[in-house]
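As a basis for the values below, the full set of heavy atoms in this structure was taken, side chains included, without hydrogen atoms, waters or symmetry mates. Note on naming: letters A, B, ... go to the chains in the order of the sequence lines (proteins, then strands), and numbering restarts at 1 for each one.
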Amino acid sequence: MGGTLKDPFALREVLRTWLEEHSQYEGEGSSVDFPVQPTVVHYPGEVTVVLFPVVRALRRRPQEVGERLLRWLTRRIEGVIEGGQVVGGFLNLRFSGEFWREWLRARLMQWLEEGRYPLPWKRKEEPVLLVEFSSPNTNKPLHLGHVRNNTLGDAVARLLAVTGRGRVVRLNLINDRGIHICKTMLAWMKWGGGATPQSTGKKGDHFVGDFYVLFERRYKDEVERLVREKGMSEEEARREAPLIREAQELLRRWEAGDPEVRQVWKMMNEWVLEGFRETYQRYGVMFDAFEFESETYARGKELVYEGLEKGVFYRKEDGSIWVDLTDEGLDTKLLLRGDGTSVYITQDLGTIDLRWQKYRMQRMVYVVAEEQRYHFQVLKAVLRRLGKPYADTVFHLSYAMVELPEGKMKSREGTVIDADDFLDELTALALEQIRCSEKAKDASEEEKRELAEQVALAAIKFYMLRVDPNKKILFRKEEAMDFEGYSGPFLQYTYARIQALLRKAQEEYGLGREAIVRLLGERGFAELIEEERRLLQMLFFYPVRLWESAQRYDPSLLANALYQLAKEYNRYYARVPILRGSSEEERVWRLALSWWVGETLAHGCVEVLNIPMPARM
RNA sequence: GCCCCCGUAGCUCAGCGGAUAGAGCAGUGGCCUUCUAAGCCACGGGUCGCAGGUUCGAAUCCUGCCGGGGGCACCA
């Protein structure tokens, strides 16, 4: 019984057979479908079948279709449906307590046997799906913008993997070349005095980032001086300033492969990367491969020349190479400078070509801020002109900026919120709260620290993931640092409560997990209460939420569903005693339900959103 | 000028063609001698930016307008 109807997908399959049986003599049923959705709160039942689409196709009255469907369903999936009611164009189904008990038992059993959360999809090795995210520049440390990118990219990669879309490969394309890198190198060479991260005890990315800021400050001073003393225009001064000239010279030497420049470049990049690795590790973000623009831009140039030969690009008198995309509503676009050096898009052309050679991916997801929408439109169009088979794999997953109440974050002006610093600050706050708490009094200092970092991570990640990627995040510190309400720690807390119950069940009642499953199969039980039906409904629909979330490349859907589940569970927890003051039968049932809520929270958080779930807090 | 994204409660957001539009925060008032109060309950708070249209049904889709943001570089 419980095995026959694992989730709403299974119910839809059953409904489809009804349509097949009835379309033969009742008209066109082929393209219509019964949407299945959770029943809204005010009506009895857990699952609602929406009749409108079919009603229209069959040209029958909703009442008639609904009642016939109900009768048919009740027989078809025996013992599942306890009651049903047609309201307007909706058929509300109420599942029997017996069904739910068996459903829950089957899920728990499967979980115990397979050691993982049962889902309707298997992880697959084919096709290959590439997800590029993070992709930082090596001239400054990671900030809140990267944190949003990282958590989003990470979660989307996991969503695709758990819903069985294919083998997901996570890529981090390091932007390690260009004028900004040269500026930083120049500052270090001029004013660094031979200092290193080791000699100063600074984290490598911060160490290097400071030189970038230093360069920008000196450069700004120089420009101001030129304007003041030489009477230059701002624009002219910015172009003529000796510092920028020197940086450009450095870039030329870099492109020419000057060993001295390359050596400094390599060393400084390594410092930064070491710092990045540490930050990624703390945030729990992993990549399958790091790629470097310095290694892909050359291939990009080749593609540009290829297009020139094919006649899809054209050369101007100054030698620069362009593509004309005006016929598809875009502009003309520079692909290679007159002096043969590459621009931003050149590198992206090369990168995707190399990826195609290596992976033959079916999809190339770029997790990149929304300001680059146009860039990716152009990229796709250019690849099409080149006739590349992978042109249509390009998918830009754009997300909006993280802004401060004061406005945009600007690294040049030092108004960014640093990824490391913010996590430190959150961790310190969490630690303070843990120290004040009664519950953690017997935990060691080490354990408290670890827990504090997990709480901090949950807070920051959930804060980033809970909003639609298309929407700006207005970063208000107090809100991000709030561990209550609609927050990551709220989910952790709910999970930890459940784990405490399961521990106590074992210790005080001898109810281990196997025992719960066994007893659940043996005992009858009392009527389900409303809170239980709502929890079961949410658990039943969980795979659908996952699917939709993956379908839309939007983890916020999942984040929301998990929050609602936790919220509902806390209500339940406050309403009924799980362990104490309940009969043995009730105890087993309530524990089983709690356990499954916990596993579902853990699956969504740990497996997909990559938010840790401590067993106690 | 053209293109893209966003306008829902005081604030931050859910709701993505279905039923009486929901949360968190903020405000007010309750609940720790029984399982973790990072929790729960109650109250107050909304012409879903505006105007048309599409249909059995629109916060949701289409058109126009208004407001906020981003983009249209021999910057990345």
Side-chain angles (χ1 to χ4, degrees), chain A residues 35 37 39-43 48 50-53 55-56 62 87-90 92 137 139 175 177-181 293 316 318-322 329-331 333-339 341-345 347 369-375 377-378 398-401 403 408 430 433-434 437-440 455 459 466-468 470-474 476 478-479 482-494 496-501 503-505 508 548 552 554 556-557 559-561 563-564 566-567 570-582 587 590-591 594 616-617:
Chain A
Q37 57 190 37
T39 305
V40 296
V41 199
H42 314 279
Y43 296 90
T48 292
V50 185
L51 303 170
F52 293 107
V55 162
R56 185 162 28 195
V87 183
F90 303 96
N92 297 325
N137 295 344
N139 65 331
N175 183 347
R177 59 169 290 280
I179 190 73
H180 53 293
I181 307 292
E293 289 190 7
K316 284 192 179 174
D318 62 3
S320 58
I321 301 175
W322 296 71
L330 303 169
D331 299 277
K333 178 81 186 172
L334 175 82
L335 299 174
L336 211 55
R337 292 195 188 99
D339 63 2
T341 60
S342 61
V343 289
Y344 182 43
I345 196 163
Q347 160 289 120
E370 68 176 353
E371 52 195 4
Q372 291 187 31
R373 282 186 124 106
Y374 180 73
H375 169 79
Q377 255 180 292
V378 171
S398 87
Y399 62 91
M401 299 271 119
E403 285 181 16
K408 282 185 81 171
Q433 288 192 26
I434 290 162
S437 159
E438 275 293 295
K439 306 162 215 158
V455 170
R466 68 185 199 180
V467 296
D468 178 340
N470 278 324
K471 288 194 177 161
K472 275 186 296 225
I473 290 181
L474 188 85
R476 284 179 313 181
E478 334 73 62
E479 199 181 281
D482 191 352
F483 299 152
E484 288 164 23
Y486 188 21
S487 72
F490 175 90
L491 296 181
Q492 291 181 318
Y493 179 72
T494 309
R497 265 182 157 178
I498 292 170
Q499 301 318 301
L501 287 173
R503 281 193 300 272
K504 284 211 166 86
E508 295 174 21
E548 290 169 343
R552 278 151 62 171
D554 181 2
S556 74
L557 244 81
N560 263 290
Y563 169 73
Q564 276 162 26
K567 179 85 189 155
N570 281 322
R571 199 170 288 159
Y572 180 56
Y573 182 93
R575 183 71 60 91
V576 300
I578 308 295
L579 291 175
R580 301 189 186 150
S582 54
R587 196 150 49 230
R590 290 172 183 174
L591 269 170
S594 302
R616 33 187 116 214
M617 69 185 283

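In this structure, A/Leu557 reaches the sugar-phosphate backbone alone: every heavy-atom distance under 4.0 Å involves primed, P, OP1 or OP2 atoms, never a base. When heavy atoms are screened at a 4.0 angstrom cut-off, A/Ala500 is found touching base atoms of the nucleic acid. Residue contacts shown for A/Phe483 include a base, since a base heavy atom lies under 4.0 Å away. Nucleic acid contact for A/Asn92: base, since at least one base atom lies under 4.0 Å from a heavy atom of the residue. Note on A/Gln372: a base of the nucleic acid sits closer than 4.0 angstrom, heavy atoms only. Among the heavy atoms of the strands lying under 4.0 Å from A/Val343 are primed sugar atoms or P, OP1, OP2 only; no base atom is included. If you check every strand for non-hydrogen atoms under 4.0 Å, A/Val378 touches nothing. Using a 4.0 Å heavy-atom criterion, one finds that A/Tyr573 contacts the bases of the nucleic acid, with or without backbone contacts as well. Base contact: A/His42 has a heavy atom under 4.0 Å from a base atom. Using a 4.0 Å heavy-atom distance criterion, A/Tyr486 is classed as a sugar-phosphate-only contact. The residue A/Ile434 sits close to a base: some heavy atom pair falls under 4.0 Å. Note on A/Met617: a base of the nucleic acid sits closer than 4.0 angstrom, heavy atoms only. A/Val41 comes within contact range of no nucleotide atom at all, as no heavy-atom separation falls under 4.0 Å. At a threshold of 4.0 angstrom between heavy atoms, the contacts of A/Gly178 with the nucleic acid are absent.
Annotation for A/Arg552 and A/Leu557: closest pair NH2-CD1, 3.2 Å, computed over non-hydrogen atoms. When all heavy atoms are compared, the tightest approach of A/Met617 to A/Ala496 is CG-CB, 3.7 Å.
Ring stacking is absent between A/Phe90 and B/G18, as the pair misses the limits of under 5.5 Å between centres and under 30 degrees between planes.
Spacing of P atoms, B/G70 relative to B/U54, comes out at 37 Å, to the nearest Å. Between B/C65 and B/G22, the two C1' atoms lie 30 Å apart (nearest whole Å). Only the P atoms considered, B/U60 is 16 Å distant from B/C5, to the nearest whole Å. Distance noted for atom P between B/G24 and B/C62: 32 Å (whole Å). Nucleotides B/A14 and B/G52, compared at atom C1', are 28 Å apart to the nearest Å. One C1' atom belongs to B/U55, the other to B/G1, and the distance between them is 37 Å to the nearest Å. Between the P atoms of B/A59 and B/A26, the separation comes to 31 Å (whole Å). Taking atom C1' in both B/U8 and B/A21, one finds a spacing of 8 Å when rounded to whole Å.
No donor-acceptor distance shorter than 3.5 angstrom exists from the side chain of A/Arg177 to the backbone of A/Glu293, with no hydrogens or angles considered. For A/Asn137 (side chain) and A/Asn139 (main-chain N/O), no donor-acceptor pair under 3.5 Å exists by modelled atom type.
To the nearest 0.5 Å, atom CD of residue A/Gln499 and atom CD of residue A/Gln492 are 12.0 Å apart.
Under the Watson-Crick or G-U wobble criterion, with both distances below 3.5 Å, B/C48 has no partner in any strand shown. Pairing of B/G18, defined by two Watson-Crick or G-U wobble distances under 3.5 Å, is identified with B/C56. When both pairing distances are held under 3.5 Å, B/G24 makes a Watson-Crick or G-U pair with B/C11. With both pairing distances under 3.5 Å, B/G39 is matched to B/C31 as a Watson-Crick or G-U wobble pair.
The base of B/C40 does not come close enough to the side chain of A/Arg575 for any donor and acceptor atom to sit less than 3.5 Å apart. One N or O donor and one acceptor, one from the side chain of A/Thr48 and one from the base of B/A19, sit under 3.5 Å apart.
Ranked by how close their nearest RNA chain B nucleotide is to the 5' end, A/Asn470 and A/Asn570 are led by A/Asn470. In this structure, A/Thr39 and A/Glu293 both approach RNA chain B, and ranking their closest nucleotides by distance from the 5' end singles out A/Thr39.
Between A/Lys471 and B/G7, a side-chain N or O to OP1/OP2 separation shorter than 4.0 Å is present. Contact between the side-chain N/O atoms of A/Arg497 and the OP1/OP2 oxygens of B/A37 is found at a separation under 4.0 Å. Contact annotation: A/Lys333 does not reach the phosphate of B/A73 (side-chain N/O to OP1 or OP2, under 4.0 Å). Residue A/Lys472 places no side-chain N or O under 4.0 Å from the OP1 or OP2 atom of B/G7. In terms of phosphate contacts, A/Arg337 brings a side-chain nitrogen or oxygen within less than 4.0 Å of OP1 or OP2 of B/C75.
B/C16 atom P lies 9 Å from atom CD of A/Gln37, rounded to whole Å. Atom-to-atom, NE2 of A/His180 to P of B/C75 comes out at 13 Å; the value is rounded to the nearest Å.
Seen from the ring of A/Trp322, A/Lys333 does not count as a face-on cation partner, given the 6.0 Å and 45° thresholds.
For B/C13, the base adopts the anti conformation, since its glycosidic angle falls more than 90 degrees from zero.
When only modelled atom types and interatomic distance are considered, A/Asn570 and A/Tyr493 share no side-chain donor-acceptor pair under 3.5 Å. A side-chain donor from one of A/Ser398 and A/Arg373 sits under 3.5 Å from a side-chain acceptor of the other.
No side-chain heavy atom of A/Ile473 sits less than 4.5 Å from a side-chain heavy atom of A/Tyr399. A 4.5 Å side-chain heavy-atom check between A/Thr48 and A/Tyr43 finds every atom pair outside the cut-off. Within the 4.5 Å cutoff, the side chain of A/Lys567 has no heavy atoms near those of the A/Tyr486 side chain.
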Scan nucleotides 26-34 of chain B against the protein and return all N/O pairs shorter than 3.5 Å with their distances rounded to 0.1 Å.
| unit_1 | atom_1 | unit_2 | atom_2 | d |
| --- | --- | --- | --- | --- |
| B/U34 | O2' | A/Arg580 | NH1 | 3.2 |

Identify each atom pair where a protein N or O and an N or O of nucleotides 59-63 of chain B are less than 3.5 Å apart, giving names and distance.
none

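The aromatic rings of A/Tyr563 and A/Phe490 sit tilted, their planes meeting at an angle between 30° and 60°.
Between A/Glu479 and A/Arg466, at least one side-chain N (NZ, or NE/NH1/NH2) sits under 4.0 Å from a carboxylate O, which counts as a salt bridge.
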